[in-house]
Amino acid sequence: MKKSEPLNLFSTSTSIAEAGITSIERQGRMERSGGSSDAETLWARCLEIIRDNVSEQVFKTWFEQIRPQGWDGVQLTVDLPSQFFYEWIEEHYSSLIKKTVQKVLGAKAKLQYQVVVDEGESAPDQRTIKLPAFRGQSQQSMQFGQQQQAVPGSPTQGNTTHFPSYFNPRYTFENFIRGENNQLATSAAMAVADNPGKTRYNPLVIYGPTGLGKTHLVQAIGNRVLQRNRNAKVLYTNSEKFTMEYINAIQTNKLPEFTNFYRGVDVLIVDDIQFLGGKERTQDMFFHTFNALHQSGKQVILTSDKQPKDLADVDERLISRFQWGLTADIQPPDFETRMAILQQKAMEEGVDLEGDIMEYIARHITTSVREIEGCLISLLAKVTLDNRPLNLDLAKEVVRSVTNAPASRQLSIEEIKQEVSAYYNQTVDSLSAKTRKHEVVLARQMCMYLAKQLTQMSLKSIGMHFGGRDHTTVLHSCQQILNYIDTDRKVRQDVEFLKKALRS
């Protein structure tokens, strides 16, 4: 059997990785080698990944306005509406876009922006200028197989200049807003950053719902450690990337290099540890990696969306080790903390928000720091792109659009399954069953499509609600419904009816 080329997933689900390359990945390689796909198809695939990594408000404000223009087999060209738009995308989302483009189009693919320039009344015709993407990004590889220059025991072991840390320099303790909701987690993070591996907080596990600042806090630890010791080997990764690198190491007969690499770090930070659930061989490798680091006095830092004891399908021996050190939670911010966050974010963007605007936003967006930031971004976008006045009325309009969104009403998968199963006269249990009956398959695909459209759940999470299906099945289901919408009038009507029913 022919071995697959290395995979590079950075935030999507990897539940099927141990079974080999998926049909979608094979299709992607065919497209890159000169298949029938065009720029719109490829950019649509990029948007699928991006949408899973930003809030719905951010996606609508910044990514829905990007228009694909051309694909020549190596370079994808997209249109942006303004120079400001280009500057903002480059500053805030360059890393995400770069990794997405490389995943969909290949490691050597390039992205070029075309910015529409309005030359005024004297020259009414608009023109475009071409601008480079990722101008502030170093050309670091995102694959373990290309990190080998930093593997401990290799000839370059003494040279840590190229050690791949992948930290966002904007994530620091100085711009992390401390409140009662994150007091313990922040104090522990600062103590660990000052003395990694030498406190009783090893491992340090920070848990809480998505969008509350866990990633910011753990990356702030890494940034401070590196600030104090440039020779420290500090690695930030996530459980899915660890899984893919482990699988790649097995496929390429580089398991010793993989083992030495991870056991040679001084500080290991692993985000979203809950996604180790169900991956038995990966858990076994992580167990031994954890033991080796802990016994060597190295620091381990983990994040999760729930307490270690509540992690599903994770080995008890791993859970017991996660509980050796300190487990600290982050809760949704209170009103005062939300106000402080808004003030900090506005200051970073160079905007002076009036008190009544900040108070209105803080009182109406209460559950997520990410949602607060998305609301502010949308507000600034309307001011800059639409030339709207920055006042309370505009703030109310933006907040209303955010709080009225289906995801803000916390529409659940179970609600969607109940509505769809009743509409198609199927049982809820049948949606998770292993059956190929057309009527059941259509109902299941409709559920997955609506879940993707009407909630902020990841593809991985959606799949788990349908008998543990993987993220590629969810993607395929969504594409099938989109195909039906284009070709089948009945299904198109079904989609519209179900959306209205669920939104009401």
Side-chain angles (χ1 to χ4, degrees), residues 53-59 61 92 168 170-193 201 204-221 223-224 269 271-272 274 301-307 310 326-349 351-380 392 395-396 398-405 407-410 455-458:
N53 288 274
V54 298
S55 70
E56 190 65 20
Q57 191 65 32
V58 169
F59 183 82
T61 302
H92 294 86
N168 186 332
R170 298 176 63 232
Y171 288 160
T172 66
F173 288 116
E174 287 71 25
N175 60 23
F176 184 83
I177 302 301
R178 188 169 183 167
E180 290 186 8
N181 64 307
N182 57 37
Q183 186 78 25
L184 176 60
T186 307
S187 298
M190 296 178 74
V192 166
Y201 314 142
L204 172 62
V205 180
I206 298 175
Y207 73 93
T210 184
L212 296 183
K214 298 187 299 293
T215 297
H216 185 146
L217 199 53
V218 297
Q219 288 217 9
I221 297 174
N223 280 322
R224 177 167 290 189
I269 303 172
D271 224 342
D272 293 325
Q274 70 270 12
I301 302 161
L302 310 171
T303 75
S304 172
D305 63 356
K306 54 180 68 71
Q307 295 188 61
D310 295 329
L326 176 68
T327 301
D329 70 329
I330 295 182
Q331 296 295 328
D334 55 27
F335 172 74
E336 290 77 15
T337 305
R338 296 196 298 272
M339 286 285 287
I341 290 170
L342 273 169
Q343 191 171 25
Q344 172 71 27
K345 296 295 183 183
M347 184 175 64
E348 290 176 1
E349 302 303 334
V351 177
D352 185 18
L353 280 184
E354 294 183 4
D356 59 343
I357 295 177
M358 286 197 296
E359 182 173 344
Y360 186 86
I361 295 174
R363 289 199 181 281
H364 288 82
I365 300 181
T366 61
T367 59
S368 169
V369 175
R370 191 173 296 156
E371 197 172 54
I372 291 172
E373 184 174 16
C375 181
L376 179 61
I377 290 171
S378 182
L379 183 65
L380 298 181
L392 183 58
K396 289 180 179 180
V398 171
V399 169
R400 189 162 53 246
S401 70
V402 173
T403 55
N404 284 342
S408 296
R409 294 190 288 106
Q410 298 182 344
T455 77
Q456 292 183 332
M457 297 184 71
S458 67

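All values derive from a computational prediction rather than experimental measurement. We number each residue from 1, following the sequence as shown.
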Worksheet, complete the sentence: When rounded to the nearest 0.5 Å, the distance separating OH of Tyr360 from CG of Leu392 is 7.5 Å
Worksheet item: In Å and rounded to the nearest 0.5 Å, what is the NE2 to CD1 distance from His364 to Ile372?
Response: 13.0 Å
Discussion item. If I take atom CD from residue Glu373 and atom CG from residue Leu376, how far apart are they, to the nearest 0.5 angstrom?
Written reply: 7.5 Å
Practice prompt. Output the distance between atom CG (Asp329) and atom CG (Leu212), rounded to the nearest 0.5 Å.
Written response: 10.0 Å
Worksheet entry | Under 3.5 Å donor-acceptor, Ser304 side chain and Asp272 backbone | no
Worksheet item: Where the side chain of Lys214 meets the backbone of Pro209, is there a donor-acceptor pair that is under 3.5 Å apart?
Response: yes
Fill in: Val192 side chain near Leu326 side chain, heavy-atom distance below 4.5 Å
no
Worksheet entry | CD1-CD1 distance between Ile206 and Ile221, expressed to the nearest 0.5 angstrom | 5.0 Å
Worksheet, complete the sentence: Here the pair of heavy atoms bringing Phe335 nearest to Ala362 is CE1-CB, 3.7 Å
Fill in: Atom of Ala185, atom of Ala328 and distance for their closest heavy-atom approach
CA-CB, 3.7 Å
Worksheet item: Are any non-hydrogen side-chain atoms of Gln183 and Ser187 less than 4.5 angstrom apart?
Response: yes
Fill in: Exercise: identify the closest heavy-atom pair between Cys375 and Ile361
SG-CG2, 4.1 Å
Worksheet item: Looking only at heavy atoms, what is the nearest atom pair of Asn223 and Tyr171, with distance?
Response: ND2-O, 2.7 Å
Worksheet item: Salt bridge between Glu174 and Arg224, side-chain N to carboxylate O under 4.0 Å?
Response: yes
Worksheet item: Quick check: does any side chain N or O of Asn182 sit under 3.5 Å from a backbone N or O of Ile177, one acting as donor and the other as acceptor?
Response: yes
Discussion item. How about OH on Tyr201, more than 12 heavy atoms from neighbouring residues, nucleotides or ligands closer than 6.0 Å, or not?
Written reply: no
Worksheet item: Considering residues, nucleotides and ligands other than Gln343, do more than 12 of their heavy atoms fall under 6.0 Å from its CD?
Response: no
Worksheet item: Should we say atom CD of Glu354 is surrounded by more than 12 heavy atoms from elsewhere, each under 6.0 Å from it?
Response: no
Worksheet entry | With Pro333, the side chain to side chain contact (heavy atoms under 4.5 Å, CB included) member among Met339, Glu180, Arg338 | Arg338
Worksheet item: To the nearest 0.5 Å, what is the distance between CD1 (Ile330) and OH (Tyr207)?
Response: 10.5 Å
Practice prompt. With the side chain counted from C-beta on, respond yes when Asn181 and Pro332 share a heavy-atom pair under 4.5 Å apart, and no when they do not.
Written response: no
Discussion item. Looking at Gly374, is its backbone amide N or carbonyl O close enough to the side chain of Ser378 to form a donor-acceptor pair, meaning the two atoms are under 3.5 Å apart?
Written reply: no
Worksheet item: Between Phe173 and Ala193, which heavy-atom pair has the shortest distance, and what is it?
Response: CE1-CB, 3.8 Å
Practice prompt. Not counting sequence neighbours, which residues clear side chain to side chain contact (heavy atoms under 4.5 Å, CB included) with Asn175? List them please.
Written response: Thr172, His216, Gln344, Glu348
